Amino acid sequence: MPDSHTHIQEILTSGREGATYSIRGWIYRTRSSGSIVFSVIRDQTGIIQCTIKKSDVPAEEFSGAQKALIESSVECTGELKRDERAPGGFELRVLNYRVVSFADPFPITANQSEPFLLDNRHLWIRSREQTAVMKIKESVLQGAREWFRANAFFEVTPPILTTNACEGGTTLFSLKYFGQEAYLSQSAQMYLEAMTVSLEKVFALTPSFRAEKSRTPRHLTEYWHMEAEEAWVDNAGNMKIQEELVSAIASAVASRRKQELEILGRSAGELKAIEPPFERITYTRAVEILNGKGKELEWGDDLGTEEERLLTEEFEKPLFVTSYPKQLKAFYMKDNEEDTRTYKCADMLAPEGFGEIIGGSERETDYDKLVQRMNEQNISMEPYRWYLDLRKYGSVTHSGFGMGIERVVRWLCRLEHIRDATPFPRTPSRIYP
Ligand code: 4AD
Ligand code: MG
């Protein structure tokens with residue numbers, strides 16, 4: 001259906017002075033002085049000033065323009081004029097101005113508290129910053145999908161309701177499933193492993209759930225998880241896939257979202273420079289570096305938010321930390337023959353202190369080793385019978401990883417808190433709106 005309305009950005013970049021355009025959107029700012037109203041209109045692409053003179057429009061349209069508060073929805077038609085004082089350098093001299101819906105006084109004004117903004121998240125997502133983040137997130141997802149498609153991965157649809165704990169029992173959300181105990185998925189990994197035997201290279205985008213009480217700027221209880229799994233690929237190959245993927249995502253955002261990055265104070269050039277190879281260091285080396293920076297850390301201690309910040313603060317590109325001690329990672333990872341205290345695994349840490357954005361590993365293919373570890377860790381075998389089966393029928397070297405989409409968006413947008421990387425954040429203290 002042809003649209004008789006033009007988006008504001010199109011008018012600002014390729015509009016002809018003197019031509020007539022119709023736009024529709026929401027009032028971003030408005031002020032009136034007697035016989036003239038200046039109302040700045042916003043649509044999804046940008047803002048433009050509309051000047052409504054009493055003598056140019058029907059009387060009831062002028063009084064509507066005078067009365068309409070910010071966030072009222074409007075349709076208007078006007079003639080494009082150059083005006084250096086207006087945002088974008090142009091304004092519309094309005095010929096028709098129709099208020100579609102008069103807004104109540106908008107509750108969000110300048111300098112409001114964070115809890116207030118979170119309670120009014122359904123309204124706050126209209127802000128220019130939030131809109132920019134949502135667009136960048138869309139480009140992250142799109143860029144990732146394009147990379148996967150170009151590299152012969154199949155997108156698949158694993159379940160969200162499960163009976164097993166992929167990432168350990170402590171962060172499970174449990175629910176009753178017709179009288180049976182079930183959980184919300186923490187990771188699609190095990191299902192993806194099963195699907196590699198049909199499709200070889202697969203990926204999925206699913207919500208993942210973690211009942212983490214930790215109130216940190218990088219934990220959500222519900223997040224979007226992009227996971228990949230690849231048959232015939234070892235841990236080194238897995239890392240290559242990850243760095244190419246992340247570079248492709250950064251490049252997609254840099255080329256498509258220049259304006260949005262600017263709104264957030266980030267330059268596209270910085271993201272363009274995120275190219276392979278990313279540096280790789282072992283966990284053991286990471287502990288040495290941290291000790292050198294004055295952190296008292298022993299081999300076997302976990303790397304938390306602070307440790308990852310110290311490791312990555314001087315970097316401009318992401319960094320892989322490989323070969324973590326077994327006690328820090330899940331039972332399904334592959335033994336590392338080069339250092340038997342560790343697994344063949346890697347976390348990708350984002351630079352400038354942002355920390356872990358990807359967790360990945362080669363998977364253990366040996367049935368007996370898996371069973372032995374599960375026994376040692378008191379993991380009940382029953383929910384994993386199907387998973388163990390995969391080792392009995394044509395098991396091959398395979399690897400995979402999971403990337404937290406909001407972690408990536410937080411880093412690319414340089415956001416202080418992960419909750420701003422998602423429109424309706426879920427944290428231990430928030431499930432409304
Ligand atoms: O490191 P994690 O726990 O690894 C897994 O779930 C693997 N089974 C993935 C796989 O190999 N298929 O989680 C993967 C990523 C983390 O690196 C992080 O980016 C993100 O998921 N993540 C979270 N993001 C937001 N809030 C949380 N609470 C998160 N927990 C993990
Ligand atoms: Mg992890």
Side-chain angles (χ1 to χ4, degrees), residues 137 140 144 153 156 158 162 164-173 183-196 201-230 233 235 238-239 241-242 245-246 249 283 302-305 307-308 312 318-322 324-325 328-334 343-350 354-364 384 387 398-412 415 417-422 425-428 430:
K137 192 175 195 176
V140 166
F153 279 74
V156 294
T162 75
N164 58 62
C166 186
E167 294 301 319
T170 55
T171 64
L172 281 175
F173 277 111
Y183 310 107
L184 294 176
S185 172
Q186 297 168 312
S187 163
Q189 177 193 322
M190 291 178 168
Y191 296 99
L192 298 185
E193 284 185 59
M195 284 186 260
T196 59
K201 292 201 283 187
V202 297
F203 80 98
L205 174 66
T206 62
S208 276
F209 301 88
R210 307 279 169 112
E212 315 213 42
K213 286 251 172 61
S214 41
R215 282 160 216 272
T216 75
R218 58 182 199 162
H219 285 93
L220 295 165
T221 53
E222 174 182 324
Y223 69 97
W224 286 87
H225 204 172
M226 194 163 245
E227 294 176 276
E229 198 71 29
E230 316 104 27
V233 171
N235 192 47
N238 197 32
M239 284 191 275
I241 288 170
Q242 292 165 45
L245 170 67
V246 168
I249 290 171
Y283 165 88
D302 205 358
L303 307 182
T305 306
E307 287 77 20
E308 290 186 357
T312 62
L319 160 77
F320 284 109
V321 178
T322 67
Y324 281 82
L328 298 179
K329 295 291 180 189
F331 73 92
Y332 53 69
M333 293 186 179
K334 174 90 173 166
Y343 284 136
K344 289 179 83 177
C345 64
D347 279 3
M348 188 194 289
L349 312 185
F354 284 99
E356 181 185 346
I357 51 174
I358 292 182
S361 68
E362 191 172 323
R363 317 306 190 186
E364 186 54 74
Y384 297 93
Y387 183 67
H398 65 290
S399 304
F401 61 92
M403 174 171 74
I405 294 295
E406 287 79 9
R407 295 261 181 107
V408 172
V409 169
R410 178 185 174 223
W411 159 52
L412 295 179
L415 303 173
H417 202 290
I418 194 169
R419 65 178 166 233
D420 285 323
T422 198
R426 266 69 181 112
T427 59
R430 183 160 296 276

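All of these numbers come straight from a predicted model, not from anything done at the bench. Counting convention: from 1, in listed order, for ligands and their atoms alike.
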If the condition is ring-ring contact (aromatic ring centres under 6.0 Å, His included), which residues does Y324 pass it with, not counting sequence neighbours?
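Listed in chain order: Y283.
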Indicate if the distance from the Mg ion (ligand 2) to the nearest N, O or S atom of E356 falls below 2.8 Å.
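Looking at E356, which is the residue asked about, there is an N, O or S atom under 2.8 Å from the Mg ion (ligand 2).
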Will you find, in the side chains of [X] and [Y], an N or O donor that is under 3.5 Å from an N or O acceptor?
{"X": "E193", "Y": "Y332", "value": "no"}
{"X": "T305", "Y": "R218", "value": "yes"}
{"X": "Y223", "Y": "R210", "value": "yes"}

For each nitrogen or oxygen atom of ligand 1, which protein N/O atoms lie closer than 3.5 Å, and how far apart are they, rounded to 0.1 Å?
residue  : atom   : partner : partner atom : Å
ligand 1 : 1 (O)  : E356    : OE2          : 3.0
ligand 1 : 3 (O)  : R210    : NH1          : 2.9
ligand 1 : 3 (O)  : R210    : NH2          : 3.3
ligand 1 : 6 (O)  : E167    : OE2          : 3.4
ligand 1 : 6 (O)  : R210    : NH2          : 2.9
ligand 1 : 8 (N)  : E167    : OE2          : 2.6
ligand 1 : 8 (N)  : S187    : OG           : 2.9
ligand 1 : 8 (N)  : Q189    : OE1          : 2.7
ligand 1 : 8 (N)  : Y332    : OH           : 3.3
ligand 1 : 11 (O) : Q189    : OE1          : 3.4
ligand 1 : 11 (O) : R363    : NH1          : 3.4
ligand 1 : 11 (O) : R363    : NH2          : 2.9
ligand 1 : 12 (N) : E227    : OE2          : 2.8
ligand 1 : 12 (N) : F401    : O            : 3.4
ligand 1 : 17 (O) : E356    : OE2          : 2.6
ligand 1 : 17 (O) : I358    : N            : 3.4
ligand 1 : 17 (O) : G359    : N            : 3.3
ligand 1 : 19 (O) : I357    : O            : 2.8
ligand 1 : 19 (O) : G404    : N            : 3.1
ligand 1 : 21 (O) : Y223    : OH           : 3.1
ligand 1 : 22 (N) : Y223    : OH           : 3.4
ligand 1 : 26 (N) : L220    : N            : 3.0
ligand 1 : 26 (N) : L220    : O            : 3.4
ligand 1 : 28 (N) : E212    : OE2          : 3.0
ligand 1 : 28 (N) : L220    : O            : 2.8

Compare every heavy atom of I418 with every heavy atom of H219, then report the nearest pair and how far apart it is.
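Shortest heavy-atom contact: N-CG2, 3.7 Å.
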Centroid-centroid distance, Y384 to F331, less than 6.0 Å:
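Yes: the rings meet the under 6.0 Å criterion.
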